[in-house]
Each structure stands twice: as structure tokens, then as C-alpha cells.
2 protein chains.
Amino acid sequence: MPKPGGRDGTETMVKRTSFAGDTCPIARSLEAIGDWWSLLIIREALFGLRRFGEFQNKLGMAKNILAVRLRSLVDHGILATAPASDGSAYQEYVLTPKGRGVFPILVALRQWSEEFDDNPEEIATVLVDRDKGRPVRKLELRAEDGRVLNMADTTLKPRPAPRRRSAG
Amino acid sequence: MPKPGGRDGTETMVKRTSFAGDTCPIARSLEAIGDWWSLLIIREALFGLRRFGEFQNKLGMAKNILAVRLRSLVDHGILATAPASDGSAYQEYVLTPKGRGVFPILVALRQWSEEFDDNPEEIATVLVDRDKGRPVRKLELRAEDGRVLNMADTTLKPRPAPRRRSAG
DNA sequence: GCAAATGGTTTTATAATGCAACCACACGAG
DNA sequence: CTCGTGTGGTTGCATTATAAAACCATTTGC
């Protein structure tokens with residue numbers, strides 16, 4: 001069975017496609033956090049988990065997969081390693097500002113489930129305002145002037161060319 | 001996509017983990033749209049793409065993968081098939097309300113890239129208010145009374161028990 | 001009817017995932 | 001120091017998902 005370009009040294013790179021160089025910001029996000037586990041790890045990190053064992057225990061995922069994901073998240077600047085806060089020689093994984101910035105994405109995912117899931121009664125938790133203990137509103141997208149926008153009120157424009165600073 | 005089930009006793013050596021029965025709404029969302037291509041397909045659908053060939057051409061993905069994804073999205077009620085709008089015998093894939101409800105998730109992903117990407121100058125487009133042509137604000141999370149909340153202002157509570165209708 | 005386009009499926013190869021076993025190091029007790 | 005245990009991984013191997021390309025059935029244009 002001759003396969004195209006097989007044994008002659010020309011390896012066919014059948015890779016999982018990468019969006020790293022894509023100009024679409026959504027694709028670029030997915031490049032960093034667009035897999036099953038990464039967002040769940042970040043979710044747990046937002047909850048305060050820090051140790052390898054904590055993530056592994058809470059998420060019930062294979063240790064090798066967790067290790068790969070943690071490395072990837074560190075590489076992407078979403079997590080950072082730090083010496084353990086309890087004085088031991090172990091290390092911890094803590095969210096960077098970039099990692100904490102994922103919060104709105106998680107809220108959007110949560111609210112989508114709350115609104116459209118076929119069995120919403122199976123959802124165990126509600127995101128509430130800490131002060132009042134009342135559920136939060138749906139995320140709002142607003143114009144510069146404050147008007148609430150829905151999808152039809154928006155459009156995409158090419159990014160304006162970067163303004164060059166005059167010989168700073 | 002991972003096989004559904006796994007919680008209902010019909011479990012047959014489930015390999016790739018499924019979050020279908022998870023009580024976390026984020027996991028439930030990821031079950032439906034938590035893979036590389038689904039969100040990009042939805043993005044293109046929001047832009048108006050409808051035909052198999054349009055998706056395949058625009059996203060540059062393998063046809064078999066596209067076919068699997070489209071089927072999955074239809075199964076999840078995110079897309080629906082419809083007779084072609086141009087009168088031909090072909091079919092089209094159109095977003096359901098549930099599919100259009102993904103919009104805020106895409107906005108959140110976009111804004112995360114805009115804020116934290118290492119090379120934001122590579123991002124080609126800006127989401128703007130259609131009326132004014134001005135960039136939109138960051139998504140805002142608000143309390144019931146209108147206060148803008150950040151992550152620290154929120155917490156999770158168990159979902160209140162469903163109110164039972166007074167029988168009869 | 002025939003060629004080309006459309007919308008897939010099948011085949012085959014590679015990469016990712018998952019489980020279990022293994023291993024290095026830290027730490028505590030003796 | 002040595003043993004035993006917990007933590008934090010890595011390594012093999014089997015299974016699954018993804019990918020490219022070939023193939024195929026309809027539909028459309030002519």
C-alpha cells in the first residue's frame with residue numbers, strides 16, 4: 001500500500017490545525033483556551049485551587065493531561081508558577097491578570113447554559129451578587145454612549161492602522 | 001464529539017470524557033460548543049454563511065470534520081437544516097435562537113484577545129456599534145440593581161429548589 | 001445527456017486523550 | 001540516615017478524534 005509521501009522522508013504533517021497566526025480574535029482565543037479542560041482548570045483556579053493535586057482531584061482528569069494543560073496555560077501566560085504558600089517546597093499554579101480576565105468568558109458560557117440548556121434544572125449553582133445574594137443580570141454589551149446593543153446592532157470593521165508616533 | 005450518556009447506566013467504556021451530565025453550566029456549554037471548530041462555525045453562521053461549501057471554503061477545514069460538526073450542532077439545537085433559500089434542491093444550515101445566543105460568548109472571547117493577546121496588532125477587526133461606527137464597550141456584568149460587578153463582587157450559590165406549583 | 005459543482009462518505013494516517021504503571025523528590029517519624 | 005508515605009509528575013500503551021485525500025451520489029448548467 002503506497003501511501004503518498006510516506007517512506008521517502010517527506011513526512012506529511014497532519015497536524016491539528018493551529019489558529020495561532022489567524023487574524024480573528026476568536027480563533028486566537030481558542031488557540032489558548034479552546035479545549036475541553038483549559039477553561040475548567042481556569043474555573044477552578046478562579047475558585048482558589050492552586051495545587052496540582054487539587055486540580056486533579058477536583059476535575060478527575062488524567063494526570064498526564066493535566067500536566068500538559070498546566071504547562072500550556074503557563075506558556076500562554078494564563079497561569080504562573082509560584083512557590084507554595086504553605087512554606088513547603090512544592091509549587092503552585094496561580095492565575096495571572098490574563099487568566100483572571102477569562103472570567104467574562106466563563107460567565108457568558110454559564111449564562112448560555114442557563115438560557116438554552118435542555119435541562120436547566122440540572123444546573124447546580126447560580127451566580128449571584130455577593131452583596132445582595134441575588135442573581136446577576138445577563139451580560140450586557142453597550143455602545144460607547146451607553147446604549148445596550150444586541151447582535152444586530154453591531155458590525156465588524158477593519159482595525160484602524162496603528163497611529164505612528166512622530167519620532168518619539 | 002464524545003458519546004452522550006455515561007451517567008444513565010448505559011456506559012460502555014467511555015473514553016473521551018463527556019460533561020453531558022455535569023451540574024456545572026460551564027461544563028454543559030463546553031459539551032455542546034467546547035471544541036475548536038464549533039464556535040468558528042457559529043461565528044461564520046452569525047455572519048450569514050449557510051451552505052456546506054461556504055463553511056468549508058471559509059474555514060478551510062476538512063469536509064468530513066465539517067460534516068461531523070454540523071451534525072453535532074444540529075443535534076444540539078444550535079443549527080437547523082432548511083431548504084435552500086435560492087430555490088435549489090440543496091439544504092442550508094441556519095442558526096436557531098440557541099445558536100444566536102452564542103453571540104455574547106464570541107464577544108467575550110474577542111474582547112479577551114483584544115485585552116490580553118501578546119500581538120494585538122495582528123487582530124484584523126474591531127466590533128463596532130453599527131449606528132455610530134464606534135467600538136463597543138467591554139461586556140458588563142451587573143447586579144439586579146444595576147451596579148457593575150467584577151469577579152470579586154460575585155459568588156456562587158446553590159440553585160434554589162424549584163418552586164412546586166400548588167397541586168391542582 | 002454530459003460535464004462540472006455540490007455535499008457529503010470512506011479510507012487511511014497521524015495526533016490527542018485516557019488509564020495505569022512507574023518514578024523522583026519532599027517530608028515526617030524513628 | 002532510613003523507611004514509609006504523599007505529592008507531582010513522566011512514560012507506555014490502547015483508544016478516540018482529527019485530517020487529508022480519494023471516492024461517490026445528486027444536482028445543476030448547458
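Chain naming here is simple, since letters A, B, ... match the order of the sequence lines and numbering starts at 1 in each.
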Quiz item: Can you name the side-chain contact (heavy atoms from CB on, under 4.5 Å) partners of B:Lys58, sequence neighbours left out?
Solution: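 Testing B:Lys58 for side-chain contact (heavy atoms from CB on, under 4.5 Å), a comparison that skips the adjacent residues, returns B:Glu44, B:Leu49.
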
In whole angstrom, give the distance that lies between atom [atom1] of [X] and atom [atom2] of [N].
X       : N      : atom1 : atom2 : value
B:Met61 : D:dA17 : CE    : C1'   : 12 Å
B:Ile65 : C:dA15 : CD1   : C1'   : 12 Å
B:Phe55 : C:dT6  : CZ    : P     : 15 Å
B:Asp86 : D:dT28 : CG    : P     : 8 Å
B:Leu66 : C:dG7  : CG    : C1'   : 10 Å
A:Glu54 : D:dG6  : CD    : C1'   : 14 Å
A:Ile41 : C:dT17 : CD1   : C1'   : 13 Å
A:Leu40 : C:dT17 : CG    : P     : 13 Å

Table of protein N/O atoms under 3.5 Å from nucleotides 9-11 of chain D N/O atoms:
from   : atom 1 : to      : atom 2 : distance (Å)
D:dG9  : OP2    : A:Tyr93 : OH     : 2.9
D:dG9  : N7     : A:Lys63 : NZ     : 2.8
D:dG9  : O6     : A:Lys63 : NZ     : 2.7
D:dT10 : OP1    : A:Arg71 : NH1    : 3.2
D:dT10 : OP2    : A:Arg71 : NH2    : 3.4

Exercise. Ignoring backbone atoms, test whether A:Arg51 places a side-chain nitrogen or oxygen under 4.0 Å from the OP1 or OP2 oxygen of D:dG8.
Key: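 Yes.
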
Practice problem: Look at A:Trp37 and C:dG18 and indicate whether a side-chain polar atom (N or O) is within less than 4.0 Å of OP1 or OP2. | Solution: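 Yes, within the criterion.
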
Practice problem: State which residues pass side-chain hydrogen bond (donor to acceptor under 3.5 Å, both in side chains) with A:Arg71; sequence neighbours excluded, sorted by chain then number. | Solution: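 A:Arg71 satisfies side-chain hydrogen bond (donor to acceptor under 3.5 Å, both in side chains) with no residue once adjacent residues are dropped.
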
Practice problem: Give every residue pair that meets the side chain to side chain donor-acceptor pair (under 3.5 Å) criterion with at least one member in residues 123-133 of chain B, sequence neighbours excluded. | Solution: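 Side chain to side chain donor-acceptor pair (under 3.5 Å) check on residues 123-133 of chain B returns A:Asp145-B:Lys132, A:Arg147-B:Asp129, B:Arg110-B:Thr125.
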
Partner set under salt bridge (Lys or Arg N to Asp or Glu O under 4.0 Å) for [X], not counting sequence neighbours:
X        : result
B:Lys63  : none
A:Arg51  : A:Asp86
B:Arg100 : none
A:Arg159 : none

Self-check item: Sequence neighbours excluded - ring pair (Phe, Tyr, Trp, His ring centres under 6.0 Å) pairs with any residue from residues 32-55 of chain B
Solution: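 Sorted pair list: A:Phe19-B:Trp36, A:Phe19-B:Trp37.
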
Quiz item: Between A:Ser38 (side chain) and A:Asp35 (backbone), is there a donor-acceptor pair under 3.5 Å?
Solution: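 No.
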
Exercise. Can you run down the salt bridge (charged side-chain N to carboxylate O under 4.0 Å, His left out) pairs that involve residues 72-81 of chain A, sequence neighbours left out, and say none if there aren't any?
Key: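 Those involving residues 72-81 of chain A do not exist here.
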
Practice problem: Between protein and nucleotides 25-30 of chain C, map the contacts as a letter string: B base, S sugar-phosphate only, - none, heavy atoms under 4.0 Å, written 5' to 3'. | Solution: -SS---

Self-check item: Least distance between heavy atoms, B:Ile78 atom then B:Ala32 atom
Solution: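 Where B:Ile78 meets B:Ala32 most closely, the heavy atoms are CD1-CB, 4.2 Å.
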
Quiz item: Using the C1' atoms of the five pairs at each end, what is the angle between the end axes of the helix from C:dG1-D:dC30 to C:dG30-D:dC1, to 10°?
Solution: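 That helix has its two terminal axes inclined by roughly 30°.
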
